[in-house]
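Okay, structure first, notes after.
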Amino acid sequence: MKIATWNVNSIIARQPVVLKWLAKEKPDVLCLQETKCTNEKFPREGFEKLGYAVEAHGQPTYNGVAILSRKKCADVRRGFPEVEDPSHARLIAATVGGVRVVNIYVPNGQSVGSEKFKFKLEWLRRLREFFDEHYWADDRVLVCGDFNVAPEDRDVHDPDLWRGRILFSKPEKDALAEVKAWGFTDAFRLKEERGGFYSWWDYRTGAFRRNDGLRIDHVWVSEPLAEDCARAWIDKEPRGWERPSDHTPVVTEFK
DNA sequence: ATGGTGGATGGTCCA
């Protein structure tokens with residue numbers, strides 16, 4: 001089974017490149033973040049023609065997540081169990097092919113110390129609690145999405161420039177490490193130890209041309225899935241296409 | 001120190 005994640009920065013604006021990539025890569029599951037539209041406005045038809053069912057959890061203008069799947073999705077959950085702030089559509093989960101897929105869009109946090117930064121840390125704390133409440137470490141659980149945190153120096157093009165800044169500050173890395181300590185393994189790091197692989201490049205400053213990127217999009221898996229992980233990689237190609245997202249897909253394959 | 005670009009939206013907010 002092939003499972004991928006991609007922050008598309010508006011699914012309406014990005015439908016052409018997402019369709020192109022699906023036709024090329026043919027994943028079983030594609031998790032999307034920053035769809036930026038309501039479930040009613042989600043452009044389903046093109047994806048359904050390619051054989052994908054759409055499970056969306058969106059809102060107007062901001063955030064929004066969705067799962068595209070060739071196989072049937074069961075037990076779809078939208079948001080945390082309690083009454084979540086309805087202005088934040090950031091989590092959708094579904095069971096596909098025996099895997100519990102949790103697709104997340106972690107708050108960006110804007111700048112270290114801001115109100116949005118506090119919200120990001122609190123959201124990550126709640127996420128750890130969510131896994132504690134719902135799953136066992138020997139379940140086949142996969143969490144993927146835009147985590148908005150680069151975990152280590154080798155995930156950042158210039159760690160000394162980024163150290164202490166949003167996406168690479170210690171409180172964020174610590175909060176994300178607490179989620180990981182639930183029992184997750186970074187699928188990408190099972191297959192690649194070197195630095196220089198990124199999933200996001202700022203639109204500004206021509207970052208992509210210089211490969212000035214950060215690895216902030218991740219696929220993490222529980223132990224049973226880690227044992228079955230056959231491949232994991234970042235597909236840089238769509239970042240170079242016409243009218244790209246500022247993120248590119250992260251792809252995994254399981255036996 | 002600031003701004004650079006892109007998307008939704010219709011003056012700004014967000015990333």
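Letters go in sequence order (proteins before strands), and every chain restarts at 1.
For the segment residues 104-111 of chain A, residues with any heavy atom less than 4.0 angstrom from an atom of DNA chain B are, sorted by number, A/Tyr105, A/Asn108. Of the residues in residues 239-247 of chain A, those with a non-hydrogen atom less than 4.0 angstrom from any atom of DNA chain B are A/Arg243.
Residues that satisfy the salt bridge (Lys or Arg N to Asp or Glu O under 4.0 Å) test with A/Arg243, not counting sequence neighbours, are absent from this structure. Partners of A/Glu48 by salt bridge (Lys or Arg N to Asp or Glu O under 4.0 Å), not counting sequence neighbours: none found. Listed by chain and number, the residues in a salt bridge (Lys or Arg N to Asp or Glu O under 4.0 Å) with A/Glu25 are A/Lys2 (sequence neighbours excluded). Remark: A/Glu40 pairs with no residue by the salt bridge (Lys or Arg N to Asp or Glu O under 4.0 Å) rule, at least two apart or across chains.
Per the geometry, CD belonging to A/Gln33 stands 16 Å off C1' belonging to B/dG7, to the nearest Å. The interatomic distance linking A/Arg165 (CZ) with B/dA15 (P) rounds to 16 Å, in whole Å. Spacing between atom CG of A/Asp202 and atom C1' of B/dG3 amounts to 11 Å, rounded to whole angstrom units. Following rounding to the nearest Å, A/Lys116 (NZ) and B/dC13 (C1') show an atom-to-atom distance of 8 Å. Between the CG atom of A/Asn63 and the C1' atom of B/dC13 there is a distance of 12 Å, rounded to whole Å. In this structure, CD of A/Glu34 is placed 9 Å from C1' of B/dG7, rounded to the nearest angstrom. Between the CG atom of A/Asn7 and the C1' atom of B/dA15 there is a distance of 9 Å, given to the nearest Å. Rounded to an integer number of Å, the gap from A/His88 NE2 to B/dC13 P is 16 Å.
Between A/Arg14 and B/dG7 there is a side-chain polar atom (N or O) within less than 4.0 angstrom of OP1 or OP2.
Spacing between B/dT12 and B/dA1 at atom C1', rounded to whole Å, works out to 22 Å. Between B/dT2 and B/dG6, the distance separating the two P atoms is 23 Å to the nearest Å.
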For residues 138-145 of chain A, which side-chain donor-acceptor pairs fall under 3.5 Å, sequence neighbours excluded?
from     : atom 1 : to       : atom 2 : distance (Å)
A/Asp139 : OD2    : A/Trp136 : N      : 2.8
A/Arg140 : NH1    : A/Asp228 : OD2    : 3.1
A/Arg140 : NH2    : A/Asp228 : OD2    : 3.3

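Which of B/dG7, B/dA15, B/dA8 sits closest to the side chain of A/Ile12 comes down to B/dA8.
A perpendicular orientation is assigned to the rings of A/Tyr135 and A/Trp182, their planes being inclined by more than 60° (bins at 30° and 60°).
Taking the nucleotide of DNA chain B with the nearest heavy atom to each of A/Ala13 and A/Arg204, the more 5' of the two is matched to A/Arg204.
When hydrophobic side chains of Ile, Leu, Val, Met, Phe, Trp and Tyr are connected at separations under 4.5 Å, A/Tyr198 ends up clustered with A/Trp201, A/Phe208.
Applying the ring pair (Phe, Tyr, Trp, His ring centres under 6.0 Å) test to pairs two or more places apart or on separate chains, those with a residue in residues 4-34 of chain A are A/Trp6-A/Trp21.
The main-chain N or O of A/Ala56 is found under 3.5 Å from a side-chain atom of A/Arg78 such that the two form a donor-acceptor pair.
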